[in-house]
Structures are given as C-alpha cells and as structure tokens.
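To find a chain, count down the sequence lines: A is the first, B the second, and so on, and within it residues start at 1.
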Amino acid sequence: MAPVTETVLTAPDYDLGATLSSGQAFRWRERDGAWEGVLGAQWVRLRQVEGAITATTAPAVERWDWLTDFLQLHVNLRQILATFPDDEPMRSAVAACRGLRLLRQEPWECLASFILSSTKQIVQIQQIVALLCARYGQAITAPDDRGQVHAFPRPERLAALSAAQLRECKMGFRAPYLQGTARMLADGEVDLNAIAARSLPEARAELLRLPGVGPKIADCVLLFAFGFPEAFPVDVWIRKALQQFYFPRRRVTQPRLERFKESHFGPHAGYAQQYLFHYARTLKAW
DNA sequence: GGCCAGGCGCGTA
DNA sequence: TACGCGCATGGC
C-alpha cells in the first residue's frame with residue numbers, strides 16, 4: 001500500500017457529487033460513496049460528510065492548499081448566490097442545485113479537455129480523457145488496487161505525437177485541434193501562465209488563437225481554470241435554457257442572446273451559468 | 001437507424 | 001456579420 005495522507009476540510013454548502021459530475025472536470029469517478037480523481041501528480045479520494053469533505057491522497061503530502069484551491073473552499077457561496085438575478089429561472093436553478101460549486105482547474109488540462117468536448121456527451125468526454133491519460137500520461141503513485149493511475153499528459157508530450165496516435169483515443173476530428181494547440185503551447189507561441197494576469201477580453205483573444213478553441217471553449221477555460229467570474233460559456237444546453245426560460249415563444253437572435261447573457265446575470269454570471277446548465281440537464285421534459 | 005452530443009473552421013451571401 | 005455544413009464517434 002502506497003503511503004497516503006488524510007485530512008478533513010471544512011466545506012459548508014458544498015455538494016461534492018454535483019460539483020464533480022457537472023461537466024466542469026472529467027477525471028472524477030464515484031466509487032464506494034467517494035469520488036476519486038487525479039490532480040497534477042496526486043491521486044485523490046474525496047468523501048462528503050456533514051459540513052466537510054474528507055480527503056485522502058497519494059503520495060503523502062504535507063500541504064493541502066493545492067486541493068482547497070481546486071475545490072475553492074474559501075468561496076462564500078451565499079454571497080455569490082445573492083448576486084444572481086431574482087427571477088423564476090434562477091430561483092428554480094438554485095433550489096435544484098443546492099451546494100453546486102465552481103472548481104478552479106489547472107489551465108492546460110481544462111483547455112485540452114474542452115477541446116475534446118465539442119459535440120460529445122459528458123460520459124464520452126470522460127472516456128476520451130481517460131484513454132488519453134492511460135496511453136500518454138505519466139504513471140503516478142496510487143493505492144495498489146486502483147491499477148495503474150496516470151497524470152494528464154503535458155503539452156510537450158502530445159505535441160510529439162502524430163494525429164493518428166491521438167485518434168487512437170477516440171477523439172476523431174478533434175485530434176488535429178488538440179495536436180495544434182499542444183504544439184503552440186510547447187513552442188511557447190501562446191503562454192497559458194501569462195493569461196491569468198490579463199483582462200478578460202485580452203485573455204479571451206489569446207485563447208482564441210489556439211486551433212479548436214472558439215468562443216464557447218475559451219469561455220469554459222476562462223471560467224473553470226482562470227476564474228474570470230463573468231465568463232459565460234454558451235453551449236447547446238445553455239442556449240436552450242436561455243431561449244426557453246427568458247424568451248419563450250419567440251426565436252431569439254444570436255446577437256440578442258449575447259447582449260442578454262452579458263447584462264442579465266451580474267458579477268458572477270459564470271456561476272449563474274453553471275447553475276442553469278446543471279438545472280437544465282436535470283429537467284426531463286422541456 | 002436516426003438523432004444528438006458542454007463546437008469549430010471554413011466557405012458563401 | 002451571419003448562416004450552413006462537414007467533421008468522428010458513440011449513447012439513446
């Protein structure tokens with residue numbers, strides 16, 4: 001058994017399962033009532049308990065800031081929810097998604113994962129990412145009965161692969177996009193580390209230079225990895241939700257929808273977006 | 001078996 | 001600027 005470290009992290013108003021399965025991150029699996037995943041080179045198991053999250057990691061660590069940052073445990077959820085518009089759709093979404101949180105992910109993994117996400121269901125994205133890590137990620141320490149566990153492969157590793165090798169991970173037409181982006185990062189043509197300090201428009205423009213990255217994927221990375229609170233990804237679910245909740249019985253044009261999402265949801269629009277996304281996906285009939 | 005999936009890039013008007 | 005289409009792959 002590999003050496004592990006355990007701790008208890010205070011986490012009020014936190015729905016761990018909803019958060020880890022809500023289409024932000026793609027490497028977390030439920031097992032025996034706990035959630036297991038990989039952060040950097042750490043294998044991690046998280047378990048929800050009353051008002052807290054218990055964490056186990058391998059190899060052993062002395063600090064936990066990398067995990068509390070990922071989980072965004074310092075964030076006061078009530079204060080954020082209070083900034084949402086007081087309308088019926090948002091009230092319903094908040095009521096349906098108690099404790100849903102935004103994570104703070106490593107930018108490259110987030111970017112690569114969402115390049116692989118286009119016209120894929122969340123379960124399929126998980127499968128592709130799992131294949132990519134198993135084939136090309138560095139092996140890391142984990143409990144013996146978990147089998148071989150891998151880190152997310154670095155851009156330099158993917159940049160050195162052929163498109164055919166990437167396609168073996170079932171990513172289809174996304175392979176050249178991921179390859180092109182990995183190469184631009186490996187070559188230093190775009191520097192993800194420099195993006196965090198920029199303004200939202202500048203950061204967005206920089207991400208849009210990458211192949212396979214359009215407005216939606218850029219906004220996902222800006223929100224889920226760089227923490228720009230106003231970034232508001234519009235995918236098919238959100239488009240449908242905005243259309244039906246806010247513009248029933250009339251077709252809304254794309255520019256109109258753009259103006260609406262930028263003006264209606266307040267300073268934490270991205271958080272509101274995640275609530276609408278998760279809520280919409282729970283609705284059986286529209 | 002057809003439709004759709006946390007879209008993007010490119011060609012056309 | 002604003003559509004329409006093709007792009008792999010798999011779940012339902």
Side-chain angles (χ1 to χ4, degrees), chain A residues 18-28 93 97 100-103 105 107 109-132 134-135 161-184 190 204-226 228 231-245 251-262 265 269-286:
Chain A
T19 299
L20 293 177
S21 66
S22 65
Q24 304 177 56
F26 303 99
R27 296 204 66 192
W28 295 87
C97 310
L100 178 64
R101 300 285 192 138
L102 283 182
L103 301 165
Q105 300 178 59
E109 177 174 338
C110 182
L111 170 62
S113 298
F114 277 99
I115 286 174
L116 299 175
S117 76
S118 63
T119 53
K120 280 289 177 192
Q121 300 181 84
I122 289 173
V123 286
Q124 294 175 286
I125 303 166
Q126 292 172 335
Q127 290 168 2
I128 295 169
V129 169
L131 278 171
L132 186 68
R135 281 180 180 269
L161 299 174
S162 67
Q165 286 175 303
L166 290 173
R167 281 179 192 271
E168 290 173 14
C169 302
K170 310 293 185 185
M171 64 183 71
F173 64 82
R174 302 157 196 81
Y177 295 150
L178 182 61
Q179 183 187 50
T181 287
R183 287 181 176 170
M184 284 182 72
V190 168
R204 198 167 192 262
E206 193 67 5
L207 289 172
L208 289 174
R209 294 177 53 208
L210 298 164
V213 179
K216 189 271 176 182
I217 291 173
D219 285 339
C220 284
V221 177
L222 292 168
L223 181 64
F224 300 142
F226 291 109
F228 286 95
F232 193 107
V234 178
D235 75 321
V236 290
W237 287 97
I238 288 293
R239 188 181 312 283
K240 193 171 173 182
L242 294 181
Q243 169 75 56
Q244 305 225 6
F245 293 154
R251 274 295 289 170
V252 61
T253 64
Q254 187 59 35
R256 181 81 183 86
L257 206 62
E258 285 293 318
R259 287 200 305 276
F260 180 74
K261 75 161 192 174
E262 284 168 14
F265 293 99
Y271 236 105
Q273 173 276 150
Q274 194 64 13
Y275 272 77
L276 282 177
F277 176 76
H278 200 257
Y279 174 52
R281 284 167 41 83
T282 66
L283 297 176
K284 299 299 179 192
W286 288 60

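Side chain of A:Gln254, nearest nucleotide from B:dG7, C:dC3, B:dG6: C:dC3. For A:Arg174, the side-chain atoms get nearest to C:dA8 when compared with the rest of B:dG6, B:dG9, C:dA8. Closest to the side chain of A:Phe114, from the set C:dT9, B:dG6, B:dC8, is B:dG6. If you check C:dA8, C:dA2, B:dC8 against the side chain of A:Lys120, the one that comes closest is C:dA8.
Note on A:Ile115: nothing from the nucleic acid sits closer than 4.0 angstrom, heavy atoms only. Using a 4.0 Å heavy-atom cutoff across all strands shown, A:Gly214 reaches sugar-phosphate atoms only and no base atom. When heavy atoms are screened at a 4.0 angstrom cut-off, A:Phe224 is found touching base atoms of the nucleic acid. Using a 4.0 Å heavy-atom cutoff across all strands shown, A:Ser22 reaches at least one base atom of the nucleic acid. At a threshold of 4.0 angstrom between heavy atoms, the contacts of A:Val213 are confined to the sugar-phosphate backbone, with no base atom among them.
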**Asked** Does the salt bridge (Lys or Arg N to Asp or Glu O under 4.0 Å) test come out yes or no for A:Lys261 and A:Asp219, once each step is laid out?
**Response** CA-CA 13 Å; A:Lys261 75 161 192 174; A:Asp219 285 339; 3.7 Å; yes

**Request:** Output, in order, the C-alpha distance, side-chain angles, deciding distance and verdict of salt bridge (Lys or Arg N to Asp or Glu O under 4.0 Å) for A:Glu206 and A:Arg209.
**Result:** CA-CA 6 Å; A:Glu206 193 67 5; A:Arg209 294 177 53 208; 2.9 Å; yes

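Atom pair A:Leu178:CG and C:dT9:C1' shows a separation of 16 Å (rounding to whole Å applied). Rounded to whole Å, atom P of B:dG7 lies 9 Å from atom CZ of A:Phe173. Across the protein-nucleic acid pair, A:Leu207 atom CG and B:dG9 atom P stand 12 Å apart, rounded to whole Å. Separating the CG atom of A:Leu257 from the C1' atom of C:dA2 is a distance of 15 Å, rounded to the nearest angstrom. A:Arg281 places its CZ atom 17 Å from the P atom of B:dC4, with the value rounded to the nearest Å. A straight line from CD1 of A:Ile238 to P of B:dA5 spans 13 Å, rounded to a whole angstrom. With rounding to whole Å, A:Tyr177 atom OH is found 11 Å from C:dC7 atom P. What separates CD of A:Gln105 from P of B:dG6 is a distance of 16 Å, to the nearest Å.
Side-chain atoms of A:Gln124 and base atoms of B:dG6 include no donor and acceptor less than 3.5 Å apart. A donor-acceptor contact under 3.5 Å is not formed by the side chain of A:Gln127 with the base of C:dG11.
With no hydrogens or angles considered, no side-chain donor-acceptor pair links A:Gln179 and A:Arg167 at under 3.5 Å. Looking at A:Gln24 and A:Thr19, their side chains never bring a donor and an acceptor atom within 3.5 Å of each other.
The main-chain N or O of A:Met171 is found under 3.5 Å from a side-chain atom of A:Arg174 such that the two form a donor-acceptor pair.
Separating the P atom of B:dG6 from that of C:dC5 is a span of 22 Å, rounded to the nearest Å. For the P atoms, the distance linking B:dC3 with C:dG6 amounts to 14 Å, nearest Å.
Take the nearest nucleotide of DNA chain B for A:Leu208 and for A:Phe277: the residue whose nucleotide is more 5' is A:Phe277. Mapping A:Asp235 and A:Leu210 onto DNA chain B by nearest heavy atom places A:Asp235 closer to the 5' end of the strand. Two residues, A:Val123 and A:Thr119, neighbour DNA chain C, and the one matched to the more 5' nucleotide by heavy-atom proximity is A:Thr119.
A sub-4.0 Å separation between OP1 or OP2 of C:dA8 and a side-chain N or O of A:Arg167 is present.
Where stacking is scored as ring centres under 5.5 Å apart with planes under 30°, A:Trp237 does not register as stacked on the base of B:dG6.
Proximity of the aromatic rings of A:Tyr275 and A:Phe265 is defined here by a centroid distance below 6.0 angstrom, and this criterion is not met.
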